[in-house]
Amino acid sequence: MNKLTLNILPYMASCFLLLVSGCSDEQPVLTVAEGTPLTITAEIGASDSPASRADVSLDDYDRNVFKVNDQINVTCSRSGSLLASSGYTLGAANTWAPSSGDGLGFLPAVVYRASFPIGYDGIQANQEKPADFLKSNYLRTPEVPVSGAEVNFTGSNAFMHENAKLTLKFTGANALPAFSRMTVQATGLRTGDNVTQSINMLRPVPSEYIWCAVINPRATNTAITITVTDIYGITYKATVQCAMAKGTSYTYTLKLQNNILVPVGQAEIKDWTVSGRHNGDFDPV
């Protein structure tokens with residue numbers, strides 16, 4: 001006689017697991033309700049060392065971290081169509097709050113993106129004041145999809161520089177004469193158009209021989225003419241070649257030789273980060 005054997009242990013174990021799971025205190029994750037106010041976290045990517053981050057005067061015109069009262073604009077889009085936008089202001093507790101009204105709420109199947117500064121309208125022709133440099137210093141995040149009401153513009157989704165930075169510094173043994181203006185000129189310097197454009201550069205610290213400007217990124221190597229005018233109206237010129245790549249900082253060292261500006265060595269090219277300053281001198285030969 002054939003004997004039929006039933007193995008009921010697996011079935012008993014399955015039933016036991018079902019009973020245990022049914023009695024568990026752990027509740028299923030609930031879907032975030034539409035309209036739930038967003039919680040924003042934001043940082044600037046490719047920041048430099050802690051010593052540089054403490055340089056408050058440098059951060060008055062450049063940024064490696066956001067400062068209290070900075071404002072960002074956050075947009076919400078679906079399938080390429082803008083649905084809403086709202087400004088957010090950084091408070092003393094390092095939290096972002098809507099600048100006015102209720103701000104943005106959670107929506108499914110959307111992406112969020114942020115930019116700084118609010119009201120960016122292009123690179124300024126005159127950047128001699130820190131505020132005008134900052135207006136030109138456009139930062140933006142990638143599009144960030146979310147599954148809840150928290151939007152993190154951090155890490156790989158952090159704010160990054162959309163333009164490029166040009167820095168000029170001087171080297172030599174003698175004191176730098178008083179300059180009234182430092183100007184750079186090139187094709188597409190501010191807008192990328194195929195026309196010659198100029199920028200008056202910022203001298204962040206009057207006692208240091210460094211000037212800088214935000215410039216428009218381009219896809220081609222471009223000749224930039226540097227013009228220096230002293231307080232007596234005497235003009236000195238030099239030309240450098242610059243790739244003008246997005247998010248890149250270019251530093252050129254110059255000296256005065258036989259009353260002509262001469263670039264010294266190769267350009268320093270690196271990711272645009274807020275870095276320490278370098279002192280220089282002016283050496284008329």
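- Minimum heavy-atom separation, A158 to G45: CB-N, 3.7 Å.
- The two atoms that bring T191 and Q197 nearest to each other are OG1-NE2, 2.7 Å, heavy atoms only.
- Shown here are the side-chain contact (heavy atoms from CB on, under 4.5 Å) partners of P37, two or more places apart in sequence or in another chain: there are none.
- What you find for T225 and T239 is that their closest heavy atoms are OG1-OG1, 3.8 Å.
- Using a 4.5 Å cut-off between side-chain heavy atoms of Ile, Leu, Val, Met, Phe, Trp and Tyr, with links allowed through other members, I234 and L254 fall into the same hydrophobic cluster.
- Closest non-hydrogen pair, A42 versus I72, comes out as CB-CD1, 4.5 Å.
- Every residue meeting the ring pair (Phe, Tyr, Trp, His ring centres under 6.0 Å) condition with Y138, not counting sequence neighbours, appears here in chain and number order: Y120.
- Here Y112 pairs with nothing under the ring pair (Phe, Tyr, Trp, His ring centres under 6.0 Å) rule; sequence neighbours left out.
- The main-chain N or O of P206 is found under 3.5 Å from a side-chain atom of R203 such that the two form a donor-acceptor pair.
- For P217 against A245, the heavy-atom pair with the smallest separation is CB-C, 4.2 Å.
- Donor-acceptor pairing under 3.5 Å is recorded for the side chains of S99 and T89.
- With 3.5 Å as the limit, one finds a donor-acceptor pair spanning the side chains of T183 and N200.
- In this structure, the side chain of E43 engages the main chain of G155 through a donor-acceptor pair within 3.5 Å.
- Counting all heavy atoms, side chain and backbone alike, T36 lies closest to A149 at CG2-CB, 3.8 Å.
- Counting only distance, with no hydrogens or angles, the side chain of T75 and the backbone of S85 share no donor-acceptor pair below 3.5 Å.
- With sequence neighbours excluded, no residue forms a side chain to side chain donor-acceptor pair (under 3.5 Å) with R190.
- V214 and I269 fall within a single hydrophobic cluster, where Ile, Leu, Val, Met, Phe, Trp and Tyr side chains are chained together by heavy-atom contacts under 4.5 Å.
- For the pair Q127 (side chain) and Q124 (backbone), a donor-acceptor distance under 3.5 Å is present.
- With ring centers used as reference points, F170 lies 6.0 Å or more from Y209.
- Partner N137 forms a side-chain hydrogen bond (donor to acceptor under 3.5 Å, both in side chains) with one of D62, D132, N163 and no other, that one being D62.
- Taking R78 as the reference, nothing meets the salt bridge (Lys or Arg N to Asp or Glu O under 4.0 Å) condition, with sequence neighbours excluded.
- Residues V151 and L83 fall within the same hydrophobic cluster, defined by Ile, Leu, Val, Met, Phe, Trp and Tyr side chains chained together at heavy-atom separations under 4.5 Å.
- Hydrophobic clustering of Ile, Leu, Val, Met, Phe, Trp and Tyr side chains at less than 4.5 Å, counting indirect connections, unites I226 with Y236.
- Ring pair F159/F66 is perpendicular by interplanar angle, where above 60° counts as perpendicular and below 30° as parallel.
- Comment: E128 engages R181 in a salt bridge, judged by a side-chain N to carboxylate O separation of less than 4.0 angstrom.
- Atom CG of N194 sits in a sparse spot, with 12 or fewer heavy atoms from other residues, nucleotides or ligands closer than 6.0 Å.
- One N or O on the side chain of R218 and one on the backbone of T187 form a donor-acceptor pair closer than 3.5 Å.
- Every residue two or more places apart in sequence or in another chain was checked for a ring pair (Phe, Tyr, Trp, His ring centres under 6.0 Å) with Y252, and none qualifies.
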